[in-house]
Undergrad: 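Structure below; questions to follow.
Remember, it's a predicted structure, so these values are computed and weren't measured experimentally.
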Amino acid sequence: MSTDLTRSRSPLETSQYLSEQMLAKAKNPWSKTFLLAIAAGVMIGIGFVFYVTTQQGAASAQWIGETKALGGVAFSVGLILVVLTGTDLFTSTTMTLVPLAQRKISAGRFLGHWATVYSGNFVGALALAAGIVAAGTYLQGGGAWGVTAITTAMAKVSHTWPQAFFLGIFCNFMVCLAVWLAYVGRSAADKILGIVGPIALFVATGFEHSVANMFLIPAARLITEVGGPQLWNSEAAAAASLVQADATSSLTAQAFFFDNLIPVTAGNIVGGGLCVGLFAWLVNIKMGSQAES
């Protein structure tokens, strides 16, 4: 296979490369996988930090669509960091369904890898949430940062299960297509350009990403506890008609897990593992080899 950085990979080559990458990830030692997953949870959370920063005051913006698109581009920094540093993110890890279908890993290894990555992402996201709140970031913009984080989180736990599930499908369909495009390219510039478009699309449209929510919703809940008068009496809170009692009652552990994280995770698995990973393997590798025979 050519290593010429000026030549992108074909669909077949990309499918084969994806299979190789997913197999390598699944075979990493558990300790390495867990550390890489913690790092990925932090990086995706950083992407959401950037997103929230761009959305301060967006509710009153005249160009709301353009503002959301800007936020999507900002969030794409998170996945760019994940891909270029080789860390392990659950949403793209859903595509280890490919080496499982190829019988290159056992069901036990497959499930263990998913569990390790998911828990590591959670640890990294929670650690970043605690750090961002401790840093007082929520007071930026006269409290607008914190208000934006809280109102965004409240919207995420307001979905019905079917809504959250399908928003999760569409999200990870775009995330794994972004990873696919990054694998098509060979240079860092190719990978970055491939990632930005699909990620900006999913974020601007409001699709749901399980690992991003592991950061945002706990961070928003922490902000409701420590915000104080500087936040709740701010102009930003008044403009959003946000009061502490409403935020606290909405952002409960039950709402986080049962109204968002569980259905969104299930949707992410379908959107990435089935609709991108297994589909690409089926049409480019399995059916391709059958045609040749």
Side-chain angles (χ1 to χ4, degrees), residues 8-9 11 14-15 18 40-41 43-56 58-59 61-84 89-95 121 125 148-149 151-153 155-156 158-159 162-185 188-217 260-261 263-280:
S8 60
R9 292 183 176 89
T14 305
S15 295
L18 185 148
M43 291 172 187
I44 287 297
I46 287 172
F48 222 131
V49 170
F50 196 6
Y51 168 83
V52 173
T53 300
T54 67
Q55 299 306 292
Q56 296 176 80
Q62 291 184 332
W63 301 95
I64 185 67
E66 289 79 356
T67 303
K68 291 294 184 183
L70 174 62
V73 172
F75 182 84
S76 70
V77 171
L79 189 64
I80 289 169
L81 292 172
V82 167
V83 170
L84 294 188
L89 180 67
F90 178 75
T91 45
S92 55
T93 290
T94 59
M95 292 191 290
N121 287 170
T148 301
T151 54
T152 302
K156 288 181 175 296
S158 68
H159 301 306
Q163 287 172 338
F165 176 70
F166 280 101
L167 289 169
I169 290 176
F170 289 124
C171 165
N172 211 28
F173 182 64
M174 300 313 301
V175 169
C176 288
L177 283 178
V179 173
W180 172 274
L181 292 179
Y183 286 171
V184 169
D190 290 340
K191 295 178 186 299
I192 292 169
L193 289 174
I195 289 169
V196 171
I199 301 305
L201 187 159
F202 107 67
V203 175
T205 312
F207 299 153
E208 292 286 337
H209 190 285
S210 57
V211 180
N213 294 347
M214 291 175 186
F215 162 76
L216 178 69
I217 299 174
N260 184 271
L261 196 58
V264 168
T265 299
N268 287 170
I269 291 169
V270 173
L274 296 179
C275 297
V276 178
L278 278 185
F279 177 82

Undergrad: Which distance, rounded to the nearest 0.5 Å, do you find between the CZ of Phe173 and the CG of Leu274?
TA: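 Answer for the CZ-CG pair, Phe173 versus Leu274, is 12.0 Å.
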Undergrad: Rounded at 0.5 Å granularity, tell me how far OH in Tyr51 sits from OG in Ser76.
TA: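 If we round to the nearest 0.5 Å, Tyr51:OH and Ser76:OG are 13.0 Å apart.
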Undergrad: State, yes or no, whether a side-chain contact exists between Pro11 and Thr14 at a heavy-atom distance under 4.5 Å.
TA: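 Sidechains of Thr14 and Pro11: no contact.
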Undergrad: Atom CZ of residue position Phe166 - does it have more than 12 heavy atoms of other residues, nucleotides or ligands inside 6.0 Å?
TA: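 Open: at most 12 neighbouring heavy atoms sit under 6.0 Å from CZ of Phe166.
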Undergrad: Check whether Lys191 reaches the backbone of Gly185 with its side chain - one donor and one acceptor, N or O, closer than 3.5 Å.
TA: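 Here the side-chain-to-backbone pair exists.
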Undergrad: Over all heavy atoms of both residues, which pair between His159 and Lys156 is shortest? Give the atoms and the distance, please.
TA: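 For His159 and Lys156, the tightest heavy-atom pair comes out as CD2-O, 3.3 Å.
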Undergrad: How many angstroms lie between atom CG of Leu79 and atom CE of Met43, to the nearest 0.5 angstrom?
TA: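 Taking CG in Leu79 and CE in Met43, the distance rounds to 11.0 Å.
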Undergrad: Between OH of Tyr183 and OG of Ser92, what distance do you get to the nearest 0.5 Å?
TA: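 Interatomic distance, Tyr183 OH to Ser92 OG, rounded to 0.5 Å: 6.5 Å.
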Undergrad: Pro198 and Leu181: which non-hydrogen atoms are nearest, and at how many Å?
TA: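 Of all heavy-atom pairs spanning Pro198 and Leu181, the closest is CG-CD1, 3.9 Å.
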Undergrad: Quick one: does Val179's side chain get under 4.5 Å of Val276's, heavy atoms only?
TA: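 No. Closest side-chain heavy atoms not under 4.5 Å.
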Undergrad: Mind listing the closest non-hydrogen atom pair of Ala69 and Ala200 along with its distance?
TA: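 Minimum heavy-atom contact is O-CB, 4.4 Å.
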Undergrad: Could you tell me the separation between the NE2 atom of His209 and the CE atom of Met214, rounded to the nearest 0.5 Å?
TA: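 It is 9.0 Å, given to the nearest 0.5 Å.
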Undergrad: Is the Phe202-Phe75 ring centre distance short of 6.0 angstrom?
TA: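 Yes: the rings meet the under 6.0 Å criterion.
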Undergrad: Mark yes or no for whether Asn121, through its side chain, and Phe90, through its backbone, hold a donor-acceptor pair below 3.5 Å.
TA: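 Side chain of Asn121 to backbone of Phe90: a pair is present.
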Undergrad: Would you check, one step at a time, whether the test side chain to side chain contact (heavy atoms under 4.5 Å, CB included) holds for Leu84 with Ile192?
TA: CA-CA 9 Å; Leu84 294 188; Ile192 292 169; 4.0 Å; yes
Undergrad: Looking at CD1 of Ile195 and CG of Leu81, how far apart are the two atoms once the value is rounded to the nearest 0.5 Å?
TA: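 Here the interatomic distance stands at 9.0 Å.
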Undergrad: For Phe215 and Phe48, take the angle between the two ring planes, folded into 0 to 90°, and tell me which bin it lands in: parallel under 30, tilted 30 to 60, perpendicular over 60.
TA: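 It falls in the tilted class, 30° to 60°.
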Undergrad: Begin from the C-alpha positions of Thr91 and Asn268 and carry the test side chain to side chain donor-acceptor pair (under 3.5 Å) through to its verdict.
TA: CA-CA 6 Å; Thr91 45; Asn268 287 170; 6.0 Å; no
Undergrad: More than 12 foreign heavy atoms under 6.0 Å from CZ of Phe207: is that the case here?
TA: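 Yes.
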Undergrad: Between Gln55 (side chain only) and Thr67 (backbone N and O only), is there a donor and an acceptor less than 3.5 Å apart?
TA: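 Indeed, once roles are kept as given, a pair shorter than 3.5 Å links the two residues.
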Undergrad: Give me the atom names and distance for the closest heavy-atom approach of Thr54 to Ala74.
TA: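 Looking at all heavy atoms of both residues, the shortest contact is CG2-CB, 3.8 Å.
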Undergrad: Got a sec, which pairs hit side chain to side chain donor-acceptor pair (under 3.5 Å) with one end in residues 164-180, sequence neighbours left out?
TA: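 Output for this query lists Thr94-Asn172.
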Undergrad: Out of Asn213, Leu216, Leu167, which one pairs with Asn260 under the side chain to side chain contact (heavy atoms under 4.5 Å, CB included) rule?
TA: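 It is Asn213; the other options fail the test.
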Undergrad: Show, in sequence, the C-alpha distance, side-chain angles and deciding distance for Val211 and Leu89, and conclude whether the side chain to side chain contact (heavy atoms under 4.5 Å, CB included) test is met.
TA: CA-CA 8 Å; Val211 180; Leu89 180 67; 3.8 Å; yes
